[in-house]
Amino acid sequence: MLIATWNVNSIRARLARAQKWLETHRPDVLCLQELKVQDADFPRAELESLGYRAAVFGQKTYNGVAILTRAEPTSVSKGLGDGEQDPQARLIAVQIAGLEVINVYVPNGAEVGTDKYEYKLRWLEKLRAHLDRHYRPDAPLIVCGDFNIAPEDKDAAQPEQWRDSVLCHELARQGLQNVCAFGLTDLFRKHVMTGGHYSWWDYRMLGFPKNNGLRIDLVLGTPAAAARCKTAWIDRDERKGQQPSDHAPVVVELD
DNA sequence: ATGGTTGCTTAGCAA
């Protein structure tokens, strides 16, 4: 069973690449972030024609998440469901083949010290509360997506450059650790211990040509999911060529 | 400190 996560930075701008990627890799589950489209304009038919169902939680212009699956999910839920008003579409979850899959687009946070950064930290706390309320750490569960956090210095090509950024800042890393303390581990790190593996490169300042990347797209799993995880890899080639997303897909294979 | 690029929307925001 292949499960992948990919921040496409607009599904409409990336439709041809997404279609090609699905045809090449045929994942069972593909979690998408930054759709930048409202539900009505999501290219549903173009993706369903490839044999996928689409659970979509869209938003005009910003954010938006979806989960594509080859099989029909047994349940779908959208949002943190904590009763608070939040117009930002950042979480969608499905249950499929007895596995819970939560797809998140964690707020970027702009800069440390801003309201956006406080929103990011609060959102991480609410994600942990959501897990506590609706999920069990002893069941098979995947939480994947664009976390906008590099967990460790070795997840940044130039850690000194990024140390005070919202992607590497101590409080963001603590927020991620608190989410993981629910009972989740980084499945990429089950298989690859070395640094030098990145999932995002800034469009600006020749980020990709210089390989000035960060590993901020993660697949987390409970022990029951981690035990089934056979491989994990980042499709760095997808960042190459004409009109790529600034993120590469991250893939895990589960028994 | 600023700017560099991309996408959506159409001057400015978010990343």
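Each chain gets a letter, A, B and so on, in the order the sequences are listed, and its residues count up from 1.
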*asked:* Quick check on DNA chain B: between A/Asn7 and A/Gln243, whose nearest nucleotide comes earlier from the 5' end?
replied: A/Gln243
*B/dT10 and B/dA14: how far apart are their C1' atoms, nearest whole angstrom?*
15 Å
*Using the P atom as the reference point in each nucleotide, state the distance between B/dG7 and B/dT2 in Å, no decimals.*
26 Å
*Check every strand shown and say whether A/Tyr105 touches a base, only sugar-phosphate, or nothing at a heavy-atom separation below 4.0 Å.*
sugar-phosphate
*asked:* Can you check the distance between B/dG12 and B/dG3, where both ends of the measurement are the P atom (answer in whole Å)?
replied: 15 Å
_Going by the rule salt bridge (Lys or Arg N to Asp or Glu O under 4.0 Å), which residues pair with A/Asp146 if we only count those two or more places apart in sequence or in a different chain?_
none
*Going by the ring pair (Phe, Tyr, Trp, His ring centres under 6.0 Å) test, which pairs reach into residues 140-170 of chain A, not counting sequence neighbours?*
A/Tyr117-A/His169, A/Trp162-A/Trp200
*With sequence neighbours left out, what residues match A/Phe42 under ring-ring contact (aromatic ring centres under 6.0 Å, His included)?*
none
*If we take the C1' atom in both B/dT6 and B/dA11, what is their distance in whole Å?*
16 Å
*Select from A/Ser10 and A/Asn63 the residue whose nearest nucleotide in DNA chain B is closer to the 5' end of that strand.*
A/Ser10
*Polar contact flag, side-chain donor to acceptor under 3.5 angstrom, A/Asp217-A/Trp6*: no
*ring-ring contact (aromatic ring centres under 6.0 Å, His included) partners for A/His134, two or more places apart*: A/His130
*For atom P, what is the distance between B/dT9 and B/dA15, given to the nearest Å?*
15 Å
*Provide the start and end nucleotides, 5' to 3', of the part of DNA chain B that has atoms under 4.0 Å from heavy atoms of chain A.*
B/dG3 to B/dA15
_Pairs satisfying salt bridge (Lys or Arg N to Asp or Glu O under 4.0 Å), at least one member in residues 12-31 of chain A, at least two apart_ = A/Arg17-A/Glu238
